[in-house]
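Notes follow once the structure below has been shown.
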Amino acid sequence: MSGKAKDILQLDLYGLLGIENTATAKEIKKAYRQKALKCHPDKNPDNPKAAELFHQLSQALEVLTDAAAKAAYDKICAAKKQAEERNRKLDDKRKKIKLDLEARERQAEVQTQDEVQITRTLEEQITRLREEGSRQLEEEQRLIREQIQREREEQQNTGDYIHRNSGLGRCSSSNVTPKLKLKWKCKKDDCTNGGYCQDFILKLLRKYGDVLNVIVSSKKKGSAVVEFATVRAAELAVKNESGLSENPLKILWLEGQPEVAPASQCMSTQGSLSNERDYESVVMMRMRQAAERQRLIEQIQKEDDEEEAMS
């Protein structure tokens, strides 16, 4: 048995995350984020054990969110549990004899063929995860780092959001999370929901900034609510996103819309714009925005095609 497999078999992966072995992948990721945020080394600089615990949580996420690795780990855990149950039922004398026999077997490092095969399977799955770079773990840890960074920025910034390079003033309520309502055409019997699903909407909008939540209405076809982390990201989405060319999006403010600056300020901004930019530069800017939007849509479509091919 290799060192990596031994180390993982010493851990109670479900216990580390505080979940049952029947937890879904979504529940596993949620538990990991909650635990990892608390023990992240950046948030616990004075705790020498934080890094080790964070590493163990990462190992738990890797194994339990991969079907093959989880199956191998669960099989070993089930075998251990059965052995413990058998030991409990033995009387003291027979238990002592059995423990002595097992001690001699451990000293001689004698393993049954089934144990060797199960351990080898787990080791192969762990090796495969390492070779693939564990993209899922990297993504989860990236989200953790971003959330920590947002918490730090919120602590440092006690004022309202100030929108630079725009003709808008402050948000109407600094405590309201910006939310947008999305609408598109969709027939009642359309199982594709007009081409829009939760994952597609998330990929479409997160290029403007962090998206906290996407809720696609299950009762009303062609409708969704999106929650952004910042007002600026929501503004960019309202201004620039049009969705699918064959089924465009209509995006409306639901909560957190910034207040419109006074007319004098808007006129001043427009005047400075006309003085600083001529007609040609404005046209070029819009052409670049359109090209960038098209590139992002093609990139999202390519990622979807690659995911379908892999599945």
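The figures that follow rest on heavy atoms only: side chains count, while hydrogens, waters and symmetry mates do not. Only a predicted model underlies this, so the values are computations on that prediction, with no experimental measurement involved.
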Working for salt bridge (charged side-chain N to carboxylate O under 4.0 Å, His left out), residues Asp199 and Lys203: CA-CA 6 Å; Asp199 289 341; Lys203 291 179 180 179; over 6 Å; no

Residues in side chain to side chain contact (heavy atoms under 4.5 Å, CB included) contact with Ala69, at least two apart in sequence or another chain: Val63, Asp66, Gln125, Leu129

Contact check, side chains of Phe200 and Val216, non-hydrogen atoms, under 4.5 Å: no

Residue that, paired with Arg86, satisfies side-chain contact (heavy atoms from CB on, under 4.5 Å) out of Lys89, Glu84, Gln82: Gln82

Side chain to side chain, Leu9 and Leu122, heavy atoms closer than 4.5 Å: yes

Residue pair Arg33 / Gln147, side-chain heavy-atom distance below 4.5 Å: no

Smallest separation among heavy atoms of Asp190 and Cys186, with atom names: CB-SG, 3.9 Å

Asn21 and Tyr73: side chain donor to acceptor below 3.5 Å: no

Lys30/Glu27 ion pair, N-O < 4.0 Å: no

Student check: side-chain heavy atoms of Asn47 and Leu53 closer than 4.5 Å: no

Close side-chain approach of Glu102 to Leu99, heavy-atom, < 4.5 Å: yes

Min side-chain heavy-atom separation Trp184-Ile201 under 4.5 Å: yes

Test item: Asn44 side-chain N/O and Lys38 main-chain N/O as donor-acceptor pair under 3.5 Å: yes

Basic-acidic side-chain contact under 4.0 Å: Glu52, Lys49: no

Thr65 OG1 to Lys70 NZ distance, which is reported to the nearest 0.5 Å: 10.5 Å

Side chain Asn247, main chain Lys185, donor-acceptor under 3.5 Å: yes

Under 3.5 Å donor-acceptor, Trp253 side chain and Pro178 backbone: no

Nearest heavy atoms of Ala36 and Ile144, plus distance in Å: CB-CD1, 3.6 Å

Other residues, nucleotides, ligands: >12 heavy atoms within 6.0 Å of Lys98 NZ: yes

Smallest separation among heavy atoms of Gly18 and Lys35, with atom names: N-CE, 4.3 Å

Nearest heavy atoms of Phe228 and Thr177, plus distance in Å: O-CG2, 3.3 Å

Residue Glu85 excluded, over 12 heavy atoms near CD under 6.0 Å: yes

Parallel, tilted or perpendicular, as decided by the 30° and 60° cut-offs, for the rings of Phe54 and His40: perpendicular

Residue of the set Leu61, Leu64, Leu37 for which side-chain contact (heavy atoms from CB on, under 4.5 Å) holds with Tyr32: Leu61

Polar side chain donor-acceptor pair, Arg152 to Gln155, under 3.5 angstrom: no

Distance in Å, Thr119 OG1 paired with Lys75 NZ, rounded so as to fall on 0.5 Å steps: 11.0 Å

Side chains of Leu16 and Gln59 in contact at under 4.5 Å (non-hydrogen atoms): no

Rounded distance (nearest 0.5 Å) linking atom OG1 of Thr24 with atom CD1 of Ile19: 8.5 Å

Chi angles and distances behind the salt bridge (charged side-chain N to carboxylate O under 4.0 Å, His left out) call for Arg142, Glu139: CA-CA 5 Å; Arg142 182 187 67 79; Glu139 176 64 14; 2.6 Å; yes

Reported CD1-to-NZ distance for the pair Ile251 and Lys183, which is rounded to 0.5 angstrom: 12.5 Å

Close side-chain approach of Lys207 and Glu241, heavy atoms under 4.5 Å: yes

Leu249 CG to Leu244 CG distance, which is reported to the nearest 0.5 Å: 7.0 Å

Separation of Gln198 CD from Asn193 CG (nearest 0.5 Å): 11.5 Å

